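Here is the structure we will look at, set down as structure tokens.
In the text below, chain A, chain B and the rest are named by the order of the sequence lines, each starting its count at 1. Worth saying up front: this structure is predicted, and the values here are computed from it rather than measured.
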Amino acid sequence: MPSEPQDKTTRLTIPSDAHQVRLALCTLFDALATGPLPPDTRDTAQIVLAEALNNIVEHAYGTERGEIEVTLHTSATGLHCQIADFGRPMPGGILPEGRLSLPHLMADLPEGGFGWHLIRSLSQDLRYRYEGGCNRLEFRIESQQSAL
Amino acid sequence: MPSEPQDKTTRLTIPSDAHQVRLALCTLFDALATGPLPPDTRDTAQIVLAEALNNIVEHAYGTERGEIEVTLHTSATGLHCQIADFGRPMPGGILPEGRLSLPHLMADLPEGGFGWHLIRSLSQDLRYRYEGGCNRLEFRIESQQSAL
Amino acid sequence: MQIDTTRHTNRLIVHVRETRIDAASAIEFKEQMRSITQSTALPVLLDLSCVTFIDSSGLGAVVAVRKALDPGRLLELAGLTPAVEKVFRLTRMDSVFPILPALPADLPDDLRDAV
Amino acid sequence: MQIDTTRHTNRLIVHVRETRIDAASAIEFKEQMRSITQSTALPVLLDLSCVTFIDSSGLGAVVAVRKALDPGRLLELAGLTPAVEKVFRLTRMDSVFPILPALPADLPDDLRDAV
Ligand SMILES: Nc1ncnc2c1ncn2[C@@H]1O[C@H](COP(=O)(O)OP(=O)(O)O)[C@@H](O)[C@H]1O
Ligand SMILES: Nc1ncnc2c1ncn2[C@@H]1O[C@H](COP(=O)(O)OP(=O)(O)O)[C@@H](O)[C@H]1O
């Protein structure tokens with residue numbers, strides 16, 4: 001079967017830096033704005049990608065220089081994302097749980113640790129593997145007007 | 001006399017492209033936001049620089065590729081700007097007058113031609129020369145809370 | 001370019017959720033405004049409160065939006081930040097467009113006093 | 001980062017004139033908010049209507065702003081766009097912050113009905 005007319009693959013290499021991640025997201029999502037994804041799916045995709053990329057900048061590369069490779073593929077079932085980096089592997093070789101804990105006292109509210117909770121809540125088919133010095137993260141953002 | 005502590009020179013080379021001009025202005029004025037210029041002067045400077053740079057992209061280089069060199073120098077008397085490009089010279093070798101003409105009918109309103117009027121209204125010591133294939137534009141943005 | 005709309009007292013309020021209308025975005029602004037304004041016949045209120053910078057190309061695009069509308073249809077501007085206000089004033093476009101000092105409340109009346 | 005303030009019915013309304021509060025701007029956001037909120041003791045209403053994207057670093061910065069304020073001082077949020085609303089909801093921060101559906105009118109009363 002030939003691919004759907006809206007099938008499209010985009011590849012991008014991003015230096016490990018918060019400003020470069022912002023620039024890449026703006027470029028990608030400006031282009032996606034005229035694409036086949038509904039607004040809600042686009043927002044979801046941008047949130048998940050931002051969290052995944054910022055985690056790599058902060059935790060996988062940290063103060064080291066490095067590059068992040070992003071491959072996006074739009075199809076009828078959504079946006080398929082593959083992210084590769086050559087930084088530190090995930091602690092324990094597995095993805096963080098991303099459990100949310102809400103304390104009772106305002107003063108105890110966490111100022112971080114929301115990232116993996118957002119990624120897990122908003123993505124499908126999440127997979128991670130570390131091979132040959134390369135972290136590979138894959139997920140799909142479902143293309144539908146969900147109530148999420 | 002030693003230079004004032006806030007004296008600072010910034011140099012930047014910008015590819016002739018509207019998006020690159022935007023990026024350069026954002027970078028420059030984000031940095032200036034924490035500098036010694038009052039907000040009103042910063043707005044004025046950004047307007048004048050944007051007009052000068054966009055004119056070069058549109059008229060001096062047009063569809064050709066090219067680079068624009070910007071040198072900014074902050075001093076007690078304001079922001080000194082020098083802009084160089086290797087595109088077409090100004091028509092007749094002199095700066096456009098930038099006279100504003102407001103028609104009576106809405107349908108006759110111009111959708112362009114405001115650029116040089118803004119540059120002339122908001123800058124001091126405006127100078128232009130064309131030498132050895134290079135357009136050189138210089139001006140100063142006065143550092144004061146003017147009523148403009 | 002993110003632009004969305006709300007309605008308030010029989011006006012289409014068009015919110016530009018961008019910080020710049022400039023040479024890099026003027027064409028897209030015109031195109032989106034055309035499709036938005038063609039979707040209704042309501043008077044239009046353009047909310048520029050997020051726009052902290054406009055250049056002459058952006059100004060030209062706002063003029064083009066005005067000229068593309070039926071001459072009898074209202075196009076008001078609101079929420080001009082200082083740099084935008086300056087460009088409109090220096091080009092005398094502040095005498096061409098009705099400019100409101102701020103946005104009308106888009107709260108329901110019963111909530112308006114609660115906050 | 002452009003942030004400015006207005007006052008309305010004894011509240012300091014803080015307008016974030018940026019489209020993003022993200023990992024690239026979270027620190028600057030916190031710093032500017034600290035100096036702004038320290039300049040008065042008024043309750044604070046954070047106007048996020050220009051912000052079309054926030055990530056977990058931006059969210060963490062809003063939490064940090066809340067924690068830096070006196071516990072008795074009100075910090076309300078208003079103008080959440082869809083993507084921002086989604087991040088607050090998924091992290092349950094919508095139950096931690098009072099969130100207003102929209103901004104209170106910042107028009108003078110006599111103009112409010114004219115528009
Ligand atoms: N890409 C990564 N590489 C290595 N470690 C990571 C990566 N992403 C997350 N981690 C680890 O998992 C923890 C939880 O991540 P997250 O939920 O995004 O919170 P935060 O980044 O705000 O600390 C991080 O503090 C870090 O120790
Ligand atoms: N940098 C430049 N190089 C060559 N010609 C220019 C340049 N800037 C302006 N011009 C000419 O002067 C005219 C007036 O410029 P301007 O007031 O900025 O209006 P606009 O750019 O909207 O046409 C332009 O239409 C162009 O013909």
Checking the side chain of [X] only, and the main-chain atoms of [Y] only, is there a donor and an acceptor separated by less than 3.5 Å?
X	Y	value
B/T27	B/L23	yes
C/D22	C/S25	yes
C/Q32	C/M1	yes

Review point. Looking only at side chains, do C/D4 and C/H15 share a donor and an acceptor under 3.5 Å apart?
Key: no

Point to revise | Polar side chain donor-acceptor pair, C/T91 to B/H117, under 3.5 angstrom | key: no

Taking side chain as everything from C-beta outward and backbone as N, CA, C, O, which of these in [X] sits under 4.5 Å from a heavy atom of chain C? Side chain, backbone, both or neither.
X	answer
B/E51	side chain
B/L102	side chain
B/L118	side chain

Practice item. Classify the angle between the aromatic ring planes of C/F88 and C/F97 as parallel (below 30°), tilted (30 to 60°) or perpendicular (above 60°). Key: perpendicular

Study note, to complete from the structure: Among residues 58-70 of chain B, residues within the sub-4.5 Å heavy-atom range of chain C, in order of number, are B/E58

Check your understanding: Is any residue of residues 13-20 of chain B within less than 4.5 Å of chain C by heavy atoms, and which ones?
Key -> B/A18, B/H19

Check your understanding: What part of C/P82 lies closer than 4.5 angstrom to a heavy atom of chain B: side chain, backbone, both or neither?
Key -> both

Review point. To the nearest 0.5 Å, how far apart are CD1 in B/I47 and CZ in B/R42?
Key: 12.0 Å

Study note, to complete from the structure: Taken to the nearest 0.5 Å, the spacing of B/E138 CD from B/Q82 CD works out to 4.5 Å

Point to revise | Non-hydrogen atoms of C/F53 and B/A50 that approach each other most closely | key: CZ-CB, 3.5 Å

**Study point:** Listed once per pair and sorted, the side-chain hydrogen bond (donor to acceptor under 3.5 Å, both in side chains) pairs that draw on residues 91-108 of chain B, sequence neighbours left out
**Key:** B/E97-B/R99

Practice item. Output every pair passing salt bridge (charged side-chain N to carboxylate O under 4.0 Å, His left out) with a member in residues 55-73 of chain C, not counting sequence neighbours, ordered by first then second residue. Key: B/E111-C/K67

